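Source: prediction; values computed, not measured. Along the sequence shown, the residues carry numbers beginning at 1.
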Amino acid sequence: MATPLELPLSSGWRRESLPKTSAEETSPIWPALGAEISRNLFGTHVAARQWYATPAMFEPDADALRLLLQPRTAGRHFRANHAVNPEKWLFLDTEATGFIGGAGNLAFLIGLAWWDSGGIQIEQLFMRDPAEEYSILLELARRLRNRPVLVTFNGKSFDWPLLESRFRMTRAIDVPVLNAHLDFLHPAREIWKLQIGSVKLCHLEERVLGAASLGWSRREDIDSAMIPGIYFDYVCGRAQQMEGVFRHNRMDLRGLAALAGRISQMLSTEYDAAAENATQALELYGVARFFGRRGQDGKARRCCECALHLGMPSTIAEDAKQDLARFIKREVRKARASARKMKRDQLAPAARRSIPR
């Protein structure tokens with residue numbers, strides 16, 4: 001089968017070449033965004049690229065990644081060994097014309113990021129009108145071929161299903177094959193839901209990651225609910241707020257990268273000793289629940305003991321005590337099962353020798 005980059009064009013959807021540079025291509029908005037008009041097999045699109053020193057690149061822990069990739073349903077297994085190399089990670093965040101599925105929902109801005117030179121390189125692919133959708137999808141397919149480990153925040157439920165449907169509807173570009181898909185919304189919800197309530201990315205940046213230490217501020221950020229309307233205004237010739245949409249997308253990508261580093265660090269930390277302050281109690285209990293739901297009962301028990309030692313609200317403490325008892329019970333049961341298996345393995349050779357020939 002031909003690769004997406006080798007497929008011939010059909011005259012039914014070929015974008016006509018422009019005889020000369022249009023006024024849109026010379027619009028002052030693109031240089032202000034560090035963007036330029038790019039061309040490929042399917043036509044033109046806008047590409048903006050910027051590099052940032054923060055968040056800094058980190059080395060993910062293999063055991064933590066294995067837990068993050070652990071499927072919730074049987075039959076879906078990713079190759080975790082591919083995810084250990086951070087240079088194969090591709091962070092993704094889209095801005096779409098709507099917040100629900102459907103054939104008319106388009107991802108008009110595809111934000112991508114990857115580790116580069118110790119920092120993070122961001123590339124934003126923007127379609128000025130629906131005719132440029134094929135062009136940005138082709139670029140996305142090329143990026144995923146080089147970096148097949150997708151990293152998102154709620155991307156398993158929204159971004160990637162939307163893009164998959166758009167790839168299929170082209171009938172010209174195959175859906176890229178992922179080696180792994182890391183989605184950090186669900187781990188963040190398990191760890192911090194009790195502590196901060198809302199686990200929107202902007203709230204995690206402010207209350208967990210520490211907005212002052214991130215290197216950027218959302219004080220002038222736009223409401224994500226306004227973004228579809230801003231794009232429709234742009235299509236109608238009013239482009240005043242598009243710069244805010246690009247800035248919002250860049251901050252989401254950088255926040256996702258910082259969150260990935262924080263969660264990876266938390267899951268690779270040994271929690272035998274008590275935490276430093278009481279504000280970490282609910283966080284530790286969240287980590288305990290994360291481990292417990294993935295069968296890591298020893299780690300779950302240690303985190304839960306630390307959280308109870310620091311003290312939590314009484315209603316949550318009662319739940320934590322019940323969870324702790326369940327973790328201990330399962331840990332003891334597994335230890336006994338392991339001991340019985342070891343004993344059977346030791347007795348097996350002697351039993352085979354006693355069988356008359």
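Electrostatic pairing of R147 and E87 does not count as a salt bridge here, judged by no charged N lying under 4.0 Å from a carboxylate O.
For the residue pair T152/D159, the side-chain donor-acceptor check at 3.5 Å is not satisfied. A donor-acceptor contact closer than 3.5 angstrom links the side chains of R128 and T44.
Around the CD atom of Q265, the shell of radius 6.0 Å holds more than 12 heavy atoms that belong to other residues, nucleotides or ligands. No more than 12 heavy atoms of other residues, nucleotides or ligands shown are found within 6.0 angstrom of CD on Q241. Atom NZ of K329 has 12 or fewer heavy atoms from other residues, nucleotides or ligands within 6.0 Å.
Taking both residues in full, the closest heavy atoms of I328 and R301 are given as CG1-CD, 3.6 Å, listed atom of the first, atom of the second, then distance. Pairing each heavy atom of A300 with each of G292, the nearest pair is CB-N, 3.6 Å. Contact detail for A62 and V84: the closest heavy-atom pair is CB-CG2, 4.1 Å. Closest heavy-atom contact between V199 and L204: O-CD1, 3.6 Å. In terms of heavy atoms, L308 sits closest to A317 at CD2-O, 3.9 Å. What you find for L194 and I316 is that their closest heavy atoms are CD1-CG2, 4.3 Å.
Using cut-offs of 30° and 60° on the angle between ring planes, the pair Y234 and Y231 is parallel. Ring geometry for Y134 against F42 counts as perpendicular: the plane angle is over 60°, on a 0 to 90° scale with 30° as the lower cut.
With hydrogens and angles ignored, the 3.5 Å screen pairs no side-chain donor or acceptor of S268 with any backbone N or O of A64.
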Subject >> Test log, rule side-chain contact (heavy atoms from CB on, under 4.5 Å), inputs H248 and E243 >> reply: CA-CA 9 Å; H248 173 87; E243 185 176 355; over 6 Å; no

**OP:** Determine, step by step, whether E206 and K200 satisfy the salt bridge (Lys or Arg N to Asp or Glu O under 4.0 Å) criterion, reporting the C-alpha distance in whole Å, the side-chain angles of both residues, the deciding distance to 0.1 Å, and the verdict.
**Re:** CA-CA 10 Å; E206 179 182 359; K200 289 184 177 180; over 6 Å; no

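Between F58 and W115, the ring centre distance stays below 6.0 Å. Ring centers of F126 and F246: under 6.0 Å apart, within the cut-off.
Within the cation-pi definition used here (under 6.0 Å to the ring centroid, within 45° of the axis), R289 qualifies as a partner of Y285.
A single hydrophobic cluster is not seen to contain both F327 and F291; linkage of ILVMFWY side chains at heavy-atom distances under 4.5 Å, directly or through other members, places them apart.
For the side chain to side chain contact (heavy atoms under 4.5 Å, CB included) with D297, the qualifying choice from R330, R333, R302 is R330, the only one to do so.
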